[in-house]
Trainee: 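Take a look at the following structure, please.
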Amino acid sequence: MSNLFELLLSFDPAALHDAAKAWRALSNGAQSADNRHRNQVNGPLRQSHWDGDDAKQAFYTLGRTEQILEIVRVESATIALALDTVADRIYQAQTNLKNAVHRAEEWGLTVGSDGTVSLPPLSKGEQNDPEARSDPERKALATLCTDAQERINKALADAKEANDKGEHALSRLDADILTRIRVFGSVGETAADVKDVAKDLGLADPYVPENKDPQKSADWWKSLTPEQQSSYLALYPDRIGQLDGLPATVRDEANRLALDQELDSMQAGNARGSGMTAGEYNAREHNLITLKDQLAEHDSAAEGQQLFLLGFDPKANDGHGKTVIAMGNPDTADHTAVLVPGTGTTIDSTGGNLARVRDMQKAAEQASKGTNQKVSVVYWQDYDAPQIPVMQTADFAVAGTGRAEDGAEALRRFTQGTRVAQGDHHSHLSVFGHSYGTTVVGAAAAGGNGLGADDIVAIASPGMTVDRADQLHIDPSHFWTGRAGDDAIEYATGLTLGDDPMLDRFGGNNFKVDTSGHSGYWDGGESLANQGRIIVGGQPTTVPKVHPNAPSVRDH
């Protein structure tokens, strides 16, 4: 006991905290190196379309390099967490010990160099006086002596427990994870290590706000120190990445790490024992691979065209997956547009929708040419999209408003979070919906306080859950809709999802469409140019609203 007593009294937590700081710096350095490698090495090589056996081997090696950097990042942050926790706990035990010693001395007790508490010695006269030994005051002092000893023993036990738990937790984290010969599993293991270390240390589940109030989430994030933010990003990326209101750069960093960890774990495992059927397991793994590949294709994108992964869920949408991706930073852009896709949207269709996003961005850049204004376009696929197009089924209940209303709150929260993340920088915000996506936009805009958008755009809409533009929490002069003359969606419009937005009684403006079909709105011409003009707050070319008794285009 004597050694522990003396060690605890002389303990200096600064040494452990300094070590934790060094490990956290290593974690941050690994993250920075990973970003540089992805954007400056791996990304450009992939963009060069290098192919063949040599390319496959090289890309495997490059990918493994990025995995190692992710492993170093998470494991180092976990070591820092363990060291800080142990330092704080031993320091608390030291404080308790010093308080116990001070209290004992105030009571006139003697504390030896080994931590043993003793009553003050009797005088020679008292030693020979039986009554002195049974004196009530001395009996009371004996009780205090016992209490002081228990306090000291408790402080020593707490310090030893903190040390032992820390030692056990740190024993999980060794360099073997970097050198084991295996294709998959190391990155995913880091996420498990974080949970195991927290369990070893007896740490409570860390507080992370529920994704309900973007302003509260943003305030919480800002209240953290840079060191705490770094730790949360490395240790709890799946929870940080989902928080609307946090900066796009933060969410992208968190979600990319969470994506890699989940994908690596799935590639290292199988359906057995996962609670999923083989089909469900394979579909989820496929979604993760598809999403990672789409992100990789843009890793070396030019300034303003970089992708920000703002959310993903490979199991949602009836197993087809969800994702939210911004092209360009929506927090710093002068103009931010949000595109909500329609029926049949899955993670598999991410590539095609990102192409649409880029077309919209280019159209907006053309519309604002010479102004050097930045444009961000967000692909928001964060709802359960019906997989049967409205115009291809006679059962219109399949495309009722239910899925739109279910997704409405998430869309409102996202646009509110975009505003919160922008802070004092107020970007011009426009929200576009295509096909059933317009129904989602309508439900979101009509509910709560609306979308907070400067403009709302409905492309090929079968209905927006409302009958008038002024029910969308927006000035009808800033509502725009368009539909191709040969778009079959016309047959479903106005049936179960709300009135036809093209009609004059709906209000708002009809912009000119000169392309064909249900998916040709991004093929160019005025259809796309008008979208670009709206994104930058300009004036699109318009056509008269349609009178309800006017003959359909198809009647000519």
Trainee: Walk me through it: do Glu150 and Lys154 pass the test salt bridge (charged side-chain N to carboxylate O under 4.0 Å, His left out)?
Mentor: CA-CA 6 Å; Glu150 288 176 351; Lys154 177 65 165 56; over 6 Å; no
Trainee: Could you walk me through whether Trp380 and Leu310 pass the side-chain contact (heavy atoms from CB on, under 4.5 Å) test, one step at a time?
Mentor: CA-CA 9 Å; Trp380 190 88; Leu310 304 182; over 6 Å; no
Trainee: For His102, does the NE2 atom sit with more than 12 other heavy atoms under 6.0 Å from it, leaving out its own atoms?
Mentor: no
Trainee: Hey, are the side chains of Asp382 and Phe414 touching, using non-hydrogen atoms and a 4.5 Å cut-off?
Mentor: no
Trainee: Rounded to the nearest 0.5 Å, what separation is found between the CD atom of Glu227 and the CG atom of Asn28?
Mentor: 8.5 Å
Trainee: So, Gln57 and Asp53: side-chain donor and acceptor under 3.5 Å apart, yes or no?
Mentor: no
Trainee: Enter the distance from Asn353:CG to Tyr379:OH here, rounded to the nearest 0.5 Å.
Mentor: 4.0 Å
Trainee: Less than 4.5 Å apart, any side-chain heavy atom of Asn163 and any of Glu167?
Mentor: yes
Trainee: Looking at Asp260 and Arg256, is there a salt bridge between them, counting it only when a charged N and a carboxylate O are closer than 4.0 Å?
Mentor: no
Trainee: So, the side chain of Asp331 versus the backbone of Ala248: is there a donor-acceptor pair under 3.5 Å, distance only?
Mentor: yes
Trainee: Measure across His298 and Leu354 and return the closest heavy-atom pair with its distance rounded to 0.1 Å.
Mentor: CE1-CD1, 4.0 Å
Trainee: With a 4.5 Å cut-off on side-chain heavy atoms, are Ser217 and Leu246 touching?
Mentor: yes
Trainee: Which atom names give the shortest non-hydrogen contact between Thr249 and Phe308, and what distance separates them?
Mentor: CG2-CE2, 3.9 Å
Trainee: Answer yes or no: is there an ion pair linking Glu280 with Arg284, defined by an N-O contact shorter than 4.0 Å?
Mentor: no
Trainee: Measure the shortest side-chain to side-chain distance between Ile347 and Thr350 over non-hydrogen atoms and say whether it is less than 4.5 angstrom.
Mentor: yes
Trainee: Within the side chain of His168, is there an N or O that forms a donor-acceptor pair under 3.5 Å with the backbone of Leu201?
Mentor: no
Trainee: How many angstroms lie between CG in Leu451 and OG1 in Thr415, if you round to the nearest 0.5 Å?
Mentor: 4.5 Å
Trainee: For the CD atom on Glu66, are there more than 12 heavy atoms of other groups (residues, nucleotides or ligands in this structure) within a distance under 6.0 Å?
Mentor: yes
Trainee: Work out which heavy atom in Pro44 is nearest to a heavy atom in Ser300; give both atom names and the distance.
Mentor: N-CB, 3.5 Å
Trainee: Would you say that Lys374 contacts Asn329 through its side chain, given a criterion of any heavy-atom pair below 4.5 Å between the two side chains?
Mentor: no
Trainee: Is it true that the side chains of Gln67 and Arg64 contain a donor and an acceptor less than 3.5 Å apart?
Mentor: yes
Trainee: Taking all non-hydrogen atoms of both residues, which atom of Ala316 and which atom of Asp384 are closest, and how far apart?
Mentor: C-OD1, 4.2 Å
Trainee: Determine whether a donor-acceptor pair (N or O, by modelled atom type, separation under 3.5 Å) exists between the side chain of Ser265 and the backbone of Gln261.
Mentor: yes
Trainee: Do Glu70 side-chain atoms and Ile68 backbone N/O form a donor-acceptor pair below 3.5 Å?
Mentor: no
Trainee: Taking atom CH2 of Trp221 as the centre, does the number of heavy atoms from other residues, nucleotides or ligands within less than 6.0 Å exceed 12?
Mentor: yes
Trainee: Output the distance between atom CG (Leu235) and atom CG (Asp193), rounded to the nearest 0.5 Å.
Mentor: 11.0 Å
Trainee: Minimum heavy-atom separation for Thr345 and Asn317, please, with both atom names.
Mentor: O-ND2, 3.1 Å
Trainee: I'd like to know whether CD of Glu106 has more than 12 heavy-atom contacts from other residues, nucleotides or ligands below 6.0 angstrom.
Mentor: yes
Trainee: Is it true that Gln215 and Asp219 share a donor-acceptor pair across their side chains at a distance under 3.5 Å?
Mentor: yes
Trainee: Please check if the side chain of Asp264 supplies one atom and the backbone of Gly185 the other of a donor-acceptor pair under 3.5 Å.
Mentor: yes
Trainee: When the side chains of residues 77-86 are checked against the rest of the protein, which donor-acceptor pairs come out under 3.5 Å, sequence neighbours left out?
Mentor:
residue	atom	partner	partner atom	Å
Thr78	OG1	Val74	O	2.7
Asp84	OD1	His17	ND1	2.7
Asp84	OD2	Arg24	NH2	2.7
Thr85	OG1	Leu81	O	2.7

Trainee: At their closest point, which heavy atom of Leu16 faces which heavy atom of Ala87, and how far apart are they?
Mentor: CB-CB, 3.6 Å
Trainee: Between Arg412 and Gly450 (side chain of the first, backbone of the second, donor and acceptor by atom type, cut-off under 3.5 Å), is there such a pair?
Mentor: no
Trainee: Are Glu262 and Lys315 close enough for a salt bridge, meaning some N to O gap below 4.0 Å?
Mentor: no
Trainee: Indicate yes or no for a side-chain donor-acceptor contact from Gln305 to the backbone of Ala302 under 3.5 Å, with no hydrogens or angles considered.
Mentor: no
Trainee: Can you tell me if Arg419 uses its side chain to pair, donor with acceptor, with the backbone of Ser427 under 3.5 Å?
Mentor: yes
Trainee: Nearest 0.5 angstrom please: Asn99 CG to Ile152 CD1, how far?
Mentor: 11.0 Å
Trainee: The test is side-chain contact (heavy atoms from CB on, under 4.5 Å); show your working for Arg89 and Asp158 and say whether it passes.
Mentor: CA-CA 8 Å; Arg89 288 178 175 176; Asp158 288 347; over 6 Å; no
Trainee: I'd like to check Pro314 versus Leu291 (side-chain heavy atoms, cut-off strictly below 4.5 Å). Are they in contact?
Mentor: no
Trainee: Is the shortest side-chain heavy-atom distance between Asp348 and His286 below 4.5 Å?
Mentor: yes
Trainee: Answer yes or no: is there a side-chain heavy-atom contact under 4.5 Å between Leu109 and Leu119?
Mentor: yes
Trainee: Once ring pair (Phe, Tyr, Trp, His ring centres under 6.0 Å) is applied, do any residues pair with Tyr236, and if so which ones, sequence neighbours excluded?
Mentor: Tyr232
Trainee: If only atom types and distance count, is the side chain of Gln361 paired as donor or acceptor with the main-chain N or O of Val377 below 3.5 Å?
Mentor: no
Trainee: Any side-chain donor-acceptor pair under 3.5 Å between Thr116 and Asp114?
Mentor: yes
Trainee: Suppose we screen for ring pair (Phe, Tyr, Trp, His ring centres under 6.0 Å). Which residues come up paired with Trp50, at least two apart in sequence or across chains?
Mentor: Phe59
Trainee: How long is the gap from CD on Gln416 to CG on Asp244, to the nearest 0.5 Å?
Mentor: 8.5 Å
Trainee: Identify whether the distance between the nearest side-chain nitrogen and carboxylate oxygen of Arg239 and Asp205 falls below 4.0 Å.
Mentor: yes
Trainee: Can we say Asp34 and Arg38 salt-bridge, meaning some charged N sits less than 4.0 Å from an Asp/Glu carboxylate O?
Mentor: no
Trainee: Are the side chain of Thr146 and the backbone of Ala142 linked by a donor-acceptor contact shorter than 3.5 Å?
Mentor: yes
